[in-house]
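The next block holds one structure in the form of structure tokens; read it before the comments.
Residues take their numbers from the sequence shown, with the count starting at 1.
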Amino acid sequence: MDSAATSLDALYDDAPCGLLLADADGLLLHANATACAWLGFTLPELAGIVRIQDLMTVGARLFHHTHCEPVLQARDSVAELQIDLRHRDGTRLPMLVNIVRRREAGPMGDTVHDQWALFMATERQSYERELRNARRAAEEALEARRGAELQLQALNAALSEADRRKDEFLATLSHELRNPLAPLRSALEVMRHSTMAQDTSARLLSVFDRQLHHLTHLVDDLMEVSRITQDKMELRRETVDLTQLARAAVCDTAGLMEQAGHRLSVELPPHPVTVDADPTRINQVVVNLLTNAAKYTPDGGRIALSLAVDEGMALLAVRDNGIGLPRHALATVFDMFSQLEPALQRSRGGLGIGLSLVRGIVDLHGGSIAAESEGEGRGSCFTVRLPLAQLAALPEPAAAPAPAPARILVVDDNADAAEMLLMALELFGCEVRAAHSASAALAMAQEFAPEVALLDIGLPDLNGYELARRLRATDTGRHMRLIAATGWGQEKDRQRAFDAGFDHHLTKPIDFDRLRSVLGAPGLS
């Protein structure tokens, strides 16, 4: 029995909550060891000396008087009451309190005792704080997930749009490449099956020239855009006169304007407008803008090209009275593959890369381009701004020298391509031979001892780079002028050709004016 009482006493004293016994006025009569430890007092310092209200903060004391006491009077209990008590050293102790009022009858009347159970609320507050933090983190994660889902939806929409543009581009590319091929094939059949008069032959050759020029222009634009997007376009800057470049672009597009019946007005200043630029690239800019205006202007339309100077900038503008631009298109008209209408509804539309190419070239020159339009059916205007160059004398244009007669070896596995090139070189007054493989070329070089060799890169046995290296290793090829004639035209392909020992790099279809210039360069006897 004594052992059981001892165990009960220990359970009371060491309970995981503070236990207090007070009279009706709040005077403490007893406290367990847990409560004493929390409050910083010993039992003799509390029992019969301290009132429970003395251990409360001012706010807790007021709350106890106004709320707790009335409830105890009415119900004899209060549950989960939040009250702040004070430690002996003044530290605030947040407590969760349960109070039960006991009434015992006696000869002198009822005796009232209040039994207090104290629970330290610090850990609960920490738990609640962690719970709030976890909830906040969950809400933030949910919000981030929603944002990611919205971003993913936007990305999917962008990818769908890009995929649509890609499909549109491929369909357009097929259409655009078939257009020039069809008349070429027809003209070839006419030439094959009929005896033609001289004027008929001239007309057919003119068809070939125009359509091949169109095909070359399409491929060149694709290559240039590829160089810009890969940041590999190199500018060969020089001081050039924009007025001359504008006149040259007008000549380049004269056939297109005449075919559509457009009236082209040109307003150029009488004095040179000099810029530090790559003349070939700027010519592409002006030609593309004029071509774009011609394409999107109904037959018989009006197109104007003007050039002016304003605050240190050259302003070149191409204006038309064509189909115009809707407001939403002004922000995307320079994007890659941007089209104003589906390919099936366009009779003259291109690949949708011309304006993107123009912007890329202008940006590389430190300039800018802007599009303006008053709306659909009201025409449009594209204005290019380029910084003026410091005043300097313009170089006199040098005429391409006539080629000096030379022994030339043509190496190409395409027999038709080799034969056509031989015919052209013979017209230049050259002595020519052809080989269709690298091994045949090495053997012919020893026998023929050519001064110049035009080598294709894609050969059946060795590629053109390896053939160039082997030619350079021979006595005959050590001083030979090597020209790469290839369809590979990226800057890395040019560099690879020079590293292999080539002196020049020409892309197919070969520009014969440039070939004449190369053949007429010093070094040929």
Side-chain angles (χ1 to χ4, degrees), residues 177-178 180-196 201 204-205 207-216 218-220 223 403 405-472 474 476-477 480-489 493 496-497 500-516 518-519:
L177 292 180
R178 287 176 187 273
L181 289 175
L184 285 175
R185 181 66 181 175
S186 300
L188 182 60
E189 288 300 313
V190 171
M191 295 178 69
R192 180 180 295 168
H193 294 102
S194 64
T195 302
M196 297 174 295
S201 177
L204 292 176
L205 289 175
V207 171
F208 271 99
D209 182 65
R210 286 197 305 272
Q211 300 303 326
L212 284 173
H213 184 272
H214 180 49
L215 272 175
T216 303
L218 290 177
V219 175
D220 284 348
M223 295 295 290
R407 293 186 305 279
I408 299 178
L409 173 63
V410 174
V411 184
D412 197 319
D413 61 336
N414 186 318
D416 288 339
E419 181 66 23
M420 293 301 100
L421 191 53
L422 287 181
M423 292 176 63
L425 291 172
E426 285 175 344
L427 293 175
F428 290 174
C430 302
E431 182 183 354
V432 291
R433 300 273 183 90
H436 304 305
S437 67
S439 56
L442 288 169
M444 190 172 292
Q446 296 301 316
E447 172 196 346
F448 181 47
E451 300 163 88
V452 179
L454 281 90
L455 310 182
D456 186 21
I457 298 301
L459 297 172
D461 43 2
L462 299 175
N463 63 45
Y465 304 125
E466 183 60 29
L467 175 57
R469 293 187 186 96
R470 296 196 182 188
L471 285 173
R472 286 295 188 214
T474 66
T476 304
M480 191 183 303
R481 186 176 295 276
L482 298 182
I483 303 172
T486 173
W488 300 100
D493 302 316
R496 188 177 179 188
F502 282 97
D503 298 294
H504 301 280
H505 183 279
L506 302 179
T507 54
K508 295 179 178 179
I510 291 176
D511 183 335
F512 281 92
D513 287 337
R514 187 176 177 197
L515 179 59
R516 286 171 58 88
V518 168
L519 293 178

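If you take SG on Cys430 and CG on Leu422, they are separated by 10.5 Å, rounding to the nearest 0.5 Å. The distance from the NE2 atom of His504 to the CG atom of Leu519 is 8.5 Å, given to the nearest 0.5 Å. Between the CG atom of Asp456 and the CG atom of Asn414 there is a distance of 8.5 Å, given to the nearest 0.5 Å. Separation of atoms OH (Tyr465) and CG (Leu459) is listed at 11.0 Å; rounding is to 0.5 Å.
A search for side chain to side chain donor-acceptor pair (under 3.5 Å) contacts involving Arg472 returns Asp503, not counting sequence neighbours. Under the salt bridge (Lys or Arg N to Asp or Glu O under 4.0 Å) criterion, Glu426 pairs with no residue at all, not counting sequence neighbours. Every residue meeting the side chain to side chain donor-acceptor pair (under 3.5 Å) condition with Arg470, not counting sequence neighbours, appears here in chain and number order: Glu466.
Checked options Arg481, Met480, Glu431; the residue passing with Pro450 is Met480 (criterion: side-chain contact (heavy atoms from CB on, under 4.5 Å)). Of the residues listed (Ile457, Leu455, Leu482), the one engaging Leu467 in a side-chain contact (heavy atoms from CB on, under 4.5 Å) is Leu455, and it is the only one.
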Do any side-chain atoms of residues 433-446 form donor-acceptor pairs under 3.5 angstrom with protein atoms, and if so which ones, sequence neighbours left out?
from   : atom 1 : to     : atom 2 : distance (Å)
His436 : ND1    : Asp412 : O      : 2.9
Ser437 : OG     : Ser439 : OG     : 3.3
Ser437 : OG     : Ala440 : N      : 3.2
Ser439 : OG     : Asp461 : OD2    : 3.2

Original post:
For Glu451 and Arg407, what are the C-alpha separation, side-chain angles and deciding distance, and is it a salt bridge (charged side-chain N to carboxylate O under 4.0 Å, His left out)?
Top reply: CA-CA 5 Å; Glu451 300 163 88; Arg407 293 186 305 279; 3.8 Å; yes

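Two residues are said to be in side-chain contact when any heavy atoms from C-beta on lie closer than 4.5 Å; Val518 and Val452 fail this criterion. Within the 4.5 Å cutoff, no side-chain heavy atoms of Val432 are placed close to those of Leu421.
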